[in-house]
Structure formats: C-alpha cells, structure tokens
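Heads up, the thing below is written out as structure tokens.
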Amino acid sequence: MFLVPKTICAADVMQTRLTTVGPAVHFSDAVAMLVRRAVSGLPIVEADGTYLGMFSEKCCLRIVQDCPALRDTEGTPPLLASDAMATRLLLLHEEDDVFDGIEQLLSHRVSGAPVLNRNEQFVGIFSEKTSVSVLIQSVFESLPSTQIGPFVNRDRGRIVEETTPLSKIVETFVKTDFRRLPVLRGGHVVGQVSRRDVIKHPKINRWIGHLSDHPHPNRARDVDYNVLAFADTTANTIGPDLDLLSILGLFLSTPYRRLPVLENGRLVGQISRRDVLQKVIDETKQVPAEPHGTSLYLSALGGEFPSFG
C-alpha cells in the first residue's frame, strides 16, 4: 500500500532556496524575474525576512488587461489566442493510469495537461489540483490504482478557439483560478494558452518593461509601480509544523498552488502542490509491492479529514 509517515510536515517538504523580492522592487522588474526564473509567484519580504505578500502571474495579469496590444489600436489588430498559444504539449488520455498521470505532470514540470478520449478529442484537464484530489481519496477511501477519466476537470468554460481575442483570455485568467486554457479546433487540441504564455508574449512583455516611462493606465493605482501595490497580501500561509495531510487539504480547498511557510512572521520556506505530490510519490516508491499484483493505495495519516474554511 502507499504509506506516508504521519510525522511528515511542512518543514520536511518545503523549499528554502527561494527567489524573493523587496516591497520597493519595480513591477516590471518583478515580472521579468517571474519570466526569467520560470516561477509563478514571488514572495515579498522585508530585509529582515518579514513576509508581506505574494506577487504572482495573476497579479501581473490584472495590469496586462490595460495593454494596448490587446485592443484594436490605430489599425493594428488585437492579439488572438493563436498568437500566444503553445503547441508542444503534454497530452494524457482518459484510460491512462491516474498515478502515472501524476508522475507525467511531475516529470514534465507542468501544472496541468489536456486529457483526450480514444478519438483524440479533448475531454478536460488533469492538473496538480485534481492530483491532490486523487491522493485525498486514496487516504480515506483506499482508492485502488485507477484511470485518469474520473478525475478530469471537464469544465467547458475554459475552452477557447484560435480566434478568441487574447483580451478575453486575460479577463478569464483574472476572474477565475484557471492557469491554462486549451485551444480547440473541431474538438481537437491544437494548442494551449497559459498565464505565462500571455506574460511572455513579446508585445506584452515589452509594454510591461516600459511601464515606468508612462503614467499608470489606472490613475487610482500607485504610480510608483512598487510590487507591493499589486501583491496578494491575503493568501494562505502555514507554519513549519503543519502535517502533510492538512497541507493536501489546503491545496484542495483553496486556489493557491504554493503556500509560504512562516515562523514568527518571517518567511522560512515555501511548499507547492508539486512539492507535496513529489514527496508522496517518492515515499510510495520506497514501499515494497504487495504480492499477487495487489493495487496500491495510500494509507490514512490518522484521524479524520481536517476541515478547512
């Protein structure tokens, strides 16, 4: 069976070598760091390590909504999904083993992938968050190894076409927790647009880099463009002693894919969904296989499932 020691806590899983920014760092410099480091969020800390908030791709996209490249200006057509979409994607299938699917996400270092049926048509998304759901059910329902199909997020509201205006995609990212939108043509996946794809588009990235040269599009916002003015200061944080099952529960019940770990108000580390998934997979590989091909499952970490929010 899949065994996860009850003693595993945030301190055992968290990353401590983090890319952080100070509260006075310029917005455009912080965005450049997100792109260059290929991270989706930057903790904002004081010089003494006091945690102030998180600057994320979603924070950035709230400003990107004002980018002229998203509108038809002076005869220049606005950007479309086809202008920003990635076409080299990890693709999964409904009949794939769910735990193999989790390992595919981890090995390719992606937070989600389109899932296809036997006719190669799109049916939904299998993500880190749905992977967390798999692990939670494994703990409390002794879920045997099964197919990805039952765990696919089939929300059709995330589907876009090649001609969908990028402005609409940015608006969707700002209003929802979606991190990626599949681009379909006749029911088949031809690409995908992620938050990072939008931010990295040359026209948008160039505009962000020049923000300090112009008045802020929204005069009500901080014209100094310090990163703290655009940060999420209410995101969940945890302590280093929080147990692994509780962390899984937080990732399942909140939209966040990373949790800053604080001790006495200071940032000591950060734990992501990927960190937790990788830890569970690594732990289960150390358990000898059951005889006679018995399906593997996670053992409960003890007690009842905690309540969140």
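Just so it is clear, the model here is predicted, and its values are computed rather than measured. Below, all heavy atoms of this structure are taken into account, side chains as well, without hydrogens, waters or symmetry copies.
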Heavy atoms only: give me the nearest [X]-[Y] pair and the separation to one decimal.
X	Y	result
G269	M14	CA-SD, 3.9 Å
G101	F126	C-CE2, 3.8 Å
W207	P68	NE1-CD, 3.2 Å
V183	E162	CG1-N, 3.5 Å
I44	G22	CG2-C, 3.9 Å
G209	S28	CA-CB, 4.1 Å

Self-check item: Derivation and outcome, side chain to side chain contact (heavy atoms under 4.5 Å, CB included), residues K279 and V276
Solution: CA-CA 5 Å; K279 183 66 174 179; V276 173; 5.7 Å; no
What about [X] and [Y], same hydrophobic cluster or not, with Ile/Leu/Val/Met/Phe/Trp/Tyr joined at side-chain heavy-atom distances under 4.5 Å?
X	Y	result
L248	L106	yes
V21	M54	no
I238	L267	no
L52	V227	yes
V39	F230	yes

Rounded distance [0.5 Å steps], [atom1] in [X] versus [atom2] in [Y]:
X	Y	atom1	atom2	result
N153	T130	CG	OG1	7.0 Å
L18	Q270	CG	CD	5.5 Å
H201	R206	NE2	CZ	9.0 Å
N205	C60	CG	SG	8.5 Å
R195	K58	CZ	NZ	5.5 Å
S56	L34	OG	CG	8.0 Å

Donor-acceptor contact present, side-chain [X] to main-chain [Y], <3.5 Å:
X	Y	value
K129	Y256	no
D97	F99	yes
R118	H93	no
N264	R266	no
Q278	D275	no
K168	L80	no

Quiz item: Does CD belonging to Q65 count more than 12 external heavy atoms closer than 6.0 Å?
Solution: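 Atom CD in Q65 is packed in, count exceeds 12.
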Practice problem: Take atom CZ of R36 as the centre, draw a 6.0 Å sphere, and report whether it contains more than 12 heavy atoms from other residues, nucleotides or ligands. | Solution: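 More than 12 within 6.0 Å, yes.
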Quiz prompt | Worked check of side-chain hydrogen bond (donor to acceptor under 3.5 Å, both in side chains) between S40 and R257 | solution = CA-CA 9 Å; S40 59; R257 67 182 304 261; 3.0 Å; yes
Exercise. Would you sort out whether L244 and V280 count as a side chain to side chain contact (heavy atoms under 4.5 Å, CB included), showing the intermediate values?
Key: CA-CA 9 Å; L244 189 59; V280 172; 4.1 Å; yes
Are any non-hydrogen side-chain atoms of [X] and [Y] less than 4.5 angstrom apart?
X	Y	result
R196	I199	no
Q104	I148	no
L250	L242	yes
L166	I204	yes
Q192	M85	no
L105	L277	no
S133	L252	yes

Practice problem: Inspect the contact between D197 and R180 and indicate whether a charged nitrogen and a carboxylate oxygen are less than 4.0 angstrom apart. | Solution: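 Not counted as a salt bridge, because no side-chain N and carboxylate O are separated by less than 4.0 Å.
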Practice problem: Give a yes or no on whether a salt bridge exists between R154 and E94, defined as a side-chain N under 4.0 angstrom from a carboxylate O. | Solution: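 E94 and R154: salt-bridged.
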Exercise. Before giving the answer on side chain to side chain contact (heavy atoms under 4.5 Å, CB included), spell out for D232 and T234 the whole-Å C-alpha distance, their side-chain angles and the decisive distance to 0.1 Å.
Key: CA-CA 6 Å; D232 182 353; T234 61; 3.2 Å; yes
Quiz prompt | F178/D155 under side chain to side chain contact (heavy atoms under 4.5 Å, CB included): CA gap, chis, key distance, verdict | solution = CA-CA 10 Å; F178 298 153; D155 187 342; 3.4 Å; yes
